[in-house]
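Whatever order the structure lists them in is the order used to number ligands and atoms, beginning at 1.
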Amino acid sequence: GQHPLYFNFEENVCSIAEQSLFSGPSVQNIEEEHHHGSGSCSHHEPQQSEVPVSRPSPWTHKKQCLEDEENYQEYCVYTNAKFANERGISFFTTRSIAKQVESLPAFSERGLYDNVNKFDNPPWEVRRIPGRGNGLFATRKLNRGDEIIAATPVGVYHRDAFIADKLIDYQYLRKTFDQMPNATREIILRTAANNPGDPIMERINTNAFLGEFEDAPHFLFYPETALMNHDCRPNSMHYHDPSTLIHATYASRTILPGEEITITYINILQTFMERQTHLWHAWGFQCTCALCSSNPGDISTSDSRTREILAMQTYLADWTPNSQGTPKMARQLLSLYEAEEVHAAMGKGHMLAALAYNAVGDTYQAKKHANLAIKAGIVSSGEEEADTKDMAALNENPEGHWSFKARTPKQ
Ligand SMILES: C[S@@+](CC[C@H](N)C(=O)[O-])C[C@H]1O[C@@H](n2cnc3c(N)ncnc32)[C@H](O)[C@@H]1O
């Protein structure tokens, strides 16, 4: 088997919300859990005076646990078949992670999912592409920032649970699927499986993103987003909100009707060989995107630009006294992003430019780029909000910002 999928959630690691009172969907299993006595109950039983109302379990099915004797670990299947307006969700993870999941706003706040998992009139359609299976194609013009898909995962699987379950023919993985509503099972079965074998395991292998979830490696399966093919120069970007579990994809540039909508499965700021190797090992396919299929000369030009981009990003993020970052370098970085067609990085580029200008006291240019950074949506990660706030602060009062005259002018 291939090592499945990769997705950079590292910067999105959840901060566990304060325990909130559960007010979500109805549950069948609470009684069962309680009859098992304190020994097998996964909840901490509060003292009467501690918490006035205890949070009921959000799971609609009794949890089922697999002992991984070799590693002294236990993984359990948890399903809420009513999650996100009856789409359902299954977890296959440790008890302690399940406890953290139970306290997420995802299971207590109402109305969070009223505008997600809606696919009745999407701006795209599914088409077959020779040699690449299905793909998503725009049916309307999309502008940068337009939403393409917003969805909750149908399955979240601890990587080590997945490995332990392999030894017993994925019996527990099957439960995560069998306990889901019919409509969701159908959606899952519509996704591609590259290899023969267990139908659920193979679908996770072909489609799920591997990322950090509650500080541990997990596969996250979004069956509609999984229809999007990978491109090393994609036209959309994606975000994951760890507290609601919503994964959203947006256009990162104008997309015309008839164009394929693509995302990246890996960090694209790597050279051709690095990308090919990574996609082969983590996803099990040989990338045939336009860049990877272009001639050796173009690939080598792209590789050198990529190396230059990486070096400039490092220099510009360096705030030590010997930093080589300059406004001129920031301008070069922005034009390299354009030339390299890494549209999703433009916001970050404007942020680096705003800081570089402010660092030499050019508040006019600093404010201009701070605004452009905010408009572009700074980065596709959990740091986004902090960076946006930082740029808003710079725009408001450049002289009072931490970066003001932080570097000696070099040009
Ligand atoms: C998440 S699925 C994408 C949708 C898939 N094409 C389908 O038919 O449902 C990932 C699989 O699509 C194919 N694929 C996606 N991007 C590709 C690319 N850039 N080059 C070649 N194959 C690609 C590979 O078979 C890969 O394992």
Going by ring pair (Phe, Tyr, Trp, His ring centres under 6.0 Å), name the residues that satisfy it together with F221, two or more places apart in sequence or in a different chain. none
Can we call the ring centroids of F107 and W59 under 6.0 Å apart? yes
N/O to N/O under 3.5 Å, ligand 1 against protein:
from     : atom 1 : to   : atom 2 : distance (Å)
ligand 1 : 6 (N)  : R132 : O      : 2.7
ligand 1 : 6 (N)  : N134 : O      : 2.8
ligand 1 : 6 (N)  : N229 : OD1    : 2.8
ligand 1 : 8 (O)  : N134 : N      : 2.6
ligand 1 : 12 (O) : N229 : OD1    : 3.3
ligand 1 : 14 (N) : N229 : OD1    : 3.4
ligand 1 : 16 (N) : H230 : N      : 2.9
ligand 1 : 19 (N) : H230 : O      : 2.8
ligand 1 : 20 (N) : T288 : N      : 3.0
ligand 1 : 20 (N) : T288 : OG1    : 3.2
ligand 1 : 25 (O) : N194 : ND2    : 3.3
ligand 1 : 27 (O) : N194 : ND2    : 2.6

Answer yes if the ring centres of Y78 and F92 are under 6.0 angstrom apart, and no otherwise. no
How about Y157 and F91: are their ring centroids closer than 6.0 Å? no
Please confirm whether the ring centroid of H240 lies under 6.0 Å from the ring centroid of F209. no
Cysteine SG atoms at C65 and C76 closer than 2.5 Å: yes
